[in-house]
Amino acid sequence: MDGNFNNNEEQDVSNYEQQEQFEYSTTTAEPEPLVKVNYLLGMIGAVIGSLVGVALWLAVDRIGFIAGICGVAILGAAMQGYKMLGRRLDRFGAIFCVILSFVMIFVSVNLSLIVAYIVEVGMDIVNEVGYIELLKFSWTDKEIVRYIVRDLGVGYALYVWSGFTMIKKLLKGEAS
(Lines give C-alpha, C1' and ligand atoms only; values in the text may rest on other atoms or scores of the structure.)
Protein backbone atom coordinates (compact mmCIF):
# COMPACT_ATOMS: atom_id res chain seq x y z
CA MET A 1 0.00 0.00 0.00
CA ASP A 2 2.81 2.41 0.73
CA GLY A 3 4.03 2.04 -2.84
CA ASN A 4 0.60 2.99 -4.18
CA PHE A 5 0.35 5.90 -1.80
CA ASN A 6 3.73 7.29 -2.84
CA ASN A 7 2.87 6.88 -6.49
CA ASN A 8 -0.40 8.81 -6.05
CA GLU A 9 1.40 11.48 -4.05
CA GLU A 10 3.99 11.92 -6.81
CA GLN A 11 1.22 12.12 -9.37
CA ASP A 12 -0.60 14.81 -7.33
CA VAL A 13 2.61 16.86 -7.03
CA SER A 14 3.19 16.52 -10.76
CA ASN A 15 -0.39 17.63 -11.52
CA TYR A 16 -0.01 20.58 -9.14
CA GLU A 17 3.23 21.69 -10.84
CA GLN A 18 1.61 21.46 -14.27
CA GLN A 19 -1.39 23.47 -13.09
CA GLU A 20 0.86 26.10 -11.51
CA GLN A 21 2.93 26.35 -14.68
CA PHE A 22 -0.25 26.74 -16.78
CA GLU A 23 -1.60 29.49 -14.51
CA TYR A 24 1.73 31.30 -14.60
CA SER A 25 1.89 31.19 -18.38
CA THR A 26 -1.65 32.53 -18.80
CA THR A 27 -1.45 35.32 -16.21
CA THR A 28 1.92 36.75 -17.19
CA ALA A 29 1.26 37.34 -20.86
CA GLU A 30 3.52 39.91 -22.39
CA PRO A 31 1.90 43.32 -22.78
CA GLU A 32 0.80 44.21 -26.26
CA PRO A 33 2.89 46.90 -27.92
CA LEU A 34 1.31 50.33 -27.85
CA VAL A 35 -0.41 51.32 -31.04
CA LYS A 36 0.87 54.53 -32.59
CA VAL A 37 -1.63 57.36 -32.15
CA ASN A 38 -2.92 59.24 -35.17
CA TYR A 39 -3.23 62.71 -33.65
CA LEU A 40 -5.06 64.40 -36.51
CA LEU A 41 -7.70 61.69 -36.82
CA GLY A 42 -7.95 61.54 -33.04
CA MET A 43 -8.71 65.26 -32.83
CA ILE A 44 -11.28 64.97 -35.62
CA GLY A 45 -12.87 62.05 -33.78
CA ALA A 46 -12.92 64.04 -30.54
CA VAL A 47 -14.70 66.95 -32.24
CA ILE A 48 -17.26 64.62 -33.81
CA GLY A 49 -17.78 62.86 -30.48
CA SER A 50 -18.15 66.12 -28.61
CA LEU A 51 -20.85 67.19 -31.09
CA VAL A 52 -22.81 64.12 -30.02
CA GLY A 53 -22.51 65.39 -26.44
CA VAL A 54 -23.64 68.86 -27.54
CA ALA A 55 -26.72 67.32 -29.17
CA LEU A 56 -27.47 65.55 -25.89
CA TRP A 57 -27.07 68.89 -24.05
CA LEU A 58 -29.58 70.54 -26.40
CA ALA A 59 -32.07 67.69 -26.03
CA VAL A 60 -31.89 67.71 -22.23
CA ASP A 61 -32.15 71.51 -22.17
CA ARG A 62 -35.28 71.42 -24.36
CA ILE A 63 -36.90 68.90 -22.04
CA GLY A 64 -36.42 71.41 -19.23
CA PHE A 65 -33.79 69.72 -17.09
CA ILE A 66 -30.47 71.19 -16.04
CA ALA A 67 -28.27 70.28 -18.97
CA GLY A 68 -25.02 71.00 -17.12
CA ILE A 69 -24.49 67.35 -16.27
CA CYS A 70 -24.16 66.70 -20.00
CA GLY A 71 -20.70 68.29 -19.84
CA VAL A 72 -19.36 64.95 -18.67
CA ALA A 73 -21.16 63.30 -21.58
CA ILE A 74 -19.40 65.74 -23.90
CA LEU A 75 -16.06 64.69 -22.39
CA GLY A 76 -16.88 60.98 -22.60
CA ALA A 77 -18.05 61.25 -26.20
CA ALA A 78 -14.96 63.28 -27.14
CA MET A 79 -12.68 60.67 -25.56
CA GLN A 80 -14.49 57.85 -27.33
CA GLY A 81 -14.22 59.68 -30.65
CA TYR A 82 -10.50 60.26 -30.08
CA LYS A 83 -10.00 56.56 -29.31
CA MET A 84 -12.01 55.40 -32.32
CA LEU A 85 -10.24 57.50 -34.93
CA GLY A 86 -6.91 58.08 -33.22
CA ARG A 87 -6.51 54.38 -32.27
CA ARG A 88 -5.61 55.10 -28.63
CA LEU A 89 -6.20 57.81 -26.02
CA ASP A 90 -2.84 59.13 -24.84
CA ARG A 91 -1.95 62.04 -22.56
CA PHE A 92 -2.14 64.57 -25.40
CA GLY A 93 -5.55 63.24 -26.38
CA ALA A 94 -6.79 63.42 -22.80
CA ILE A 95 -5.71 67.05 -22.44
CA PHE A 96 -7.18 67.88 -25.85
CA CYS A 97 -10.51 66.29 -24.89
CA VAL A 98 -10.67 68.17 -21.56
CA ILE A 99 -10.01 71.53 -23.27
CA LEU A 100 -12.40 70.69 -26.11
CA SER A 101 -15.11 69.82 -23.57
CA PHE A 102 -14.75 73.22 -21.89
CA VAL A 103 -15.13 74.93 -25.27
CA MET A 104 -18.08 72.75 -26.26
CA ILE A 105 -19.93 73.55 -23.02
CA PHE A 106 -19.70 77.22 -24.03
CA VAL A 107 -20.94 76.33 -27.53
CA SER A 108 -23.78 74.26 -26.04
CA VAL A 109 -25.05 77.12 -23.90
CA ASN A 110 -25.03 79.48 -26.87
CA LEU A 111 -26.73 76.96 -29.14
CA SER A 112 -29.41 76.29 -26.55
CA LEU A 113 -30.03 80.04 -26.44
CA ILE A 114 -30.48 80.13 -30.22
CA VAL A 115 -32.82 77.14 -30.05
CA ALA A 116 -34.83 78.92 -27.35
CA TYR A 117 -35.12 81.99 -29.62
CA ILE A 118 -36.30 79.83 -32.49
CA VAL A 119 -38.88 78.06 -30.32
CA GLU A 120 -40.20 81.26 -28.73
CA VAL A 121 -40.07 83.75 -31.60
CA GLY A 122 -39.82 81.53 -34.63
CA MET A 123 -37.29 81.04 -37.35
CA ASP A 124 -38.11 84.45 -38.86
CA ILE A 125 -35.92 86.31 -36.37
CA VAL A 126 -32.94 84.11 -37.19
CA ASN A 127 -33.52 84.55 -40.92
CA GLU A 128 -33.78 88.32 -40.57
CA VAL A 129 -30.96 88.94 -38.12
CA GLY A 130 -28.68 85.92 -38.46
CA TYR A 131 -27.14 83.69 -35.81
CA ILE A 132 -24.10 85.84 -35.07
CA GLU A 133 -26.11 89.04 -34.65
CA LEU A 134 -28.56 87.22 -32.44
CA LEU A 135 -25.70 86.04 -30.20
CA LYS A 136 -24.18 89.54 -30.16
CA PHE A 137 -27.53 90.93 -29.01
CA SER A 138 -27.81 88.20 -26.38
CA TRP A 139 -24.46 89.15 -24.90
CA THR A 140 -25.51 92.81 -24.57
CA ASP A 141 -28.83 92.25 -22.79
CA LYS A 142 -28.27 92.06 -19.01
CA GLU A 143 -31.08 89.61 -18.32
CA ILE A 144 -29.92 87.21 -21.02
CA VAL A 145 -26.30 87.55 -19.88
CA ARG A 146 -27.40 86.47 -16.38
CA TYR A 147 -29.05 83.41 -17.92
CA ILE A 148 -25.92 82.62 -19.94
CA VAL A 149 -23.55 83.09 -17.00
CA ARG A 150 -25.79 80.97 -14.76
CA ASP A 151 -25.92 78.15 -17.32
CA LEU A 152 -22.18 78.33 -17.92
CA GLY A 153 -21.49 78.35 -14.17
CA VAL A 154 -23.76 75.38 -13.53
CA GLY A 155 -22.42 73.57 -16.59
CA TYR A 156 -18.77 74.02 -15.64
CA ALA A 157 -19.39 73.29 -11.96
CA LEU A 158 -21.25 70.05 -12.68
CA TYR A 159 -18.65 69.11 -15.30
CA VAL A 160 -15.77 69.51 -12.87
CA TRP A 161 -17.66 68.00 -9.92
CA SER A 162 -18.96 64.90 -11.68
CA GLY A 163 -15.97 64.38 -13.93
CA PHE A 164 -13.25 65.17 -11.38
CA THR A 165 -11.92 61.64 -10.93
CA MET A 166 -12.10 60.91 -14.65
CA ILE A 167 -10.27 64.15 -15.48
CA LYS A 168 -7.70 63.46 -12.75
CA LYS A 169 -6.96 59.98 -14.13
CA LEU A 170 -6.76 61.31 -17.67
CA LEU A 171 -4.31 64.06 -16.80
CA LYS A 172 -2.14 61.65 -14.78
CA GLY A 173 -1.73 59.62 -17.93
CA GLU A 174 -3.89 56.65 -16.98
CA ALA A 175 -5.84 56.95 -20.20
CA SER A 176 -6.22 53.78 -22.20
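Source: prediction; values computed, not measured.
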**Q** OG/S108 to CG/D61 distance, rounded to the nearest 0.5 angstrom?
**A**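 Answer rounded to 0.5 Å: 9.5 Å.
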**Q** Do L56 and M104 share a hydrophobic cluster, counting only Ile, Leu, Val, Met, Phe, Trp and Tyr and linking them when any side-chain heavy atoms are less than 4.5 Å apart?
**A** no
**Q** May I have the step-by-step check of side-chain contact (heavy atoms from CB on, under 4.5 Å) for M43 and L85, ending in yes or no?
**A** CA-CA 8 Å; M43 290 188 291; L85 293 184; over 6 Å; no
**Q** At what distance, to the nearest 0.5 angstrom, does CG of L135 lie from CG of L111?
**A** 8.0 Å
**Q** Are there more than 12 heavy atoms of other residues, nucleotides or ligands under 6.0 Å from atom CH2 of W161?
**A** no
**Q** Parallel, tilted or perpendicular: which describes the rings of F102 and Y159, with under 30° parallel and over 60° perpendicular?
**A** perpendicular
**Q** Same cluster or not: are F65 and W57 linked, directly or through other Ile, Leu, Val, Met, Phe, Trp or Tyr residues, by side-chain heavy atoms under 4.5 angstrom apart?
**A** no
**Q** Please tell me whether V52 and V103 are part of a single hydrophobic cluster in this structure, the criterion being side-chain heavy atoms less than 4.5 Å apart.
**A**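 Different clusters.
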**Q** So, taking the atom named CG in L152 and the one named OH in Y147, what distance separates them when rounded to the nearest 0.5 Å?
**A**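 Interatomic distance, L152 CG to Y147 OH, rounded to 0.5 Å: 10.0 Å.
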**Q** Do L134 and I144 sit in the same hydrophobic cluster, where Ile, Leu, Val, Met, Phe, Trp and Tyr count as joined when their side-chain heavy atoms come under 4.5 Å apart?
**A** yes
**Q** Hydrophobic clustering (ILVMFWY, side-chain heavy atoms < 4.5 Å, transitive) - are V47 and M79 grouped together?
**A** yes
**Q** At what distance, to the nearest 0.5 angstrom, does SG of C70 lie from CG of L75?
**A** 12.5 Å
**Q** Please walk me through it: do I44 and Y82 pass side-chain contact (heavy atoms from CB on, under 4.5 Å)?
**A** CA-CA 7 Å; I44 291 170; Y82 192 93; over 6 Å; no
**Q** Give, for atom CG of L51 and atom CD1 of I74, the distance between the pair rounded to the nearest 0.5 Å.
**A** 9.5 Å
**Q** Measure from the side-chain N and O atoms of N110 to the backbone N and O of F106, and report whether any donor-acceptor pair falls under 3.5 Å.
**A**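 Yes, the answer is positive, given that a donor and an acceptor are paired below the 3.5 Å cut-off.
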**Q** What's the spacing between K36 NZ and R87 CZ if we round to 0.5 Å?
**A**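 Spacing of NZ (K36) from CZ (R87) equals 8.5 Å.
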**Q** State which residues pass side chain to side chain donor-acceptor pair (under 3.5 Å) with Y117; sequence neighbours excluded, sorted by chain then number.
**A** S138
**Q** How close do A77 and G49 get, heavy atom to heavy atom, and via which atoms?
**A** CB-O, 2.9 Å
**Q** Regarding R146 and E143, does a basic nitrogen lie under 4.0 Å from an acidic carboxylate oxygen?
**A**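 Judged by the 4.0 Å cut-off on N to carboxylate O distance, R146 and E143 do not form a salt bridge.
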**Q** Considering all heavy atoms of both residues, which atom of A78 and which atom of L100 are nearest to each other, and what is their separation?
**A** CB-CD2, 4.3 Å
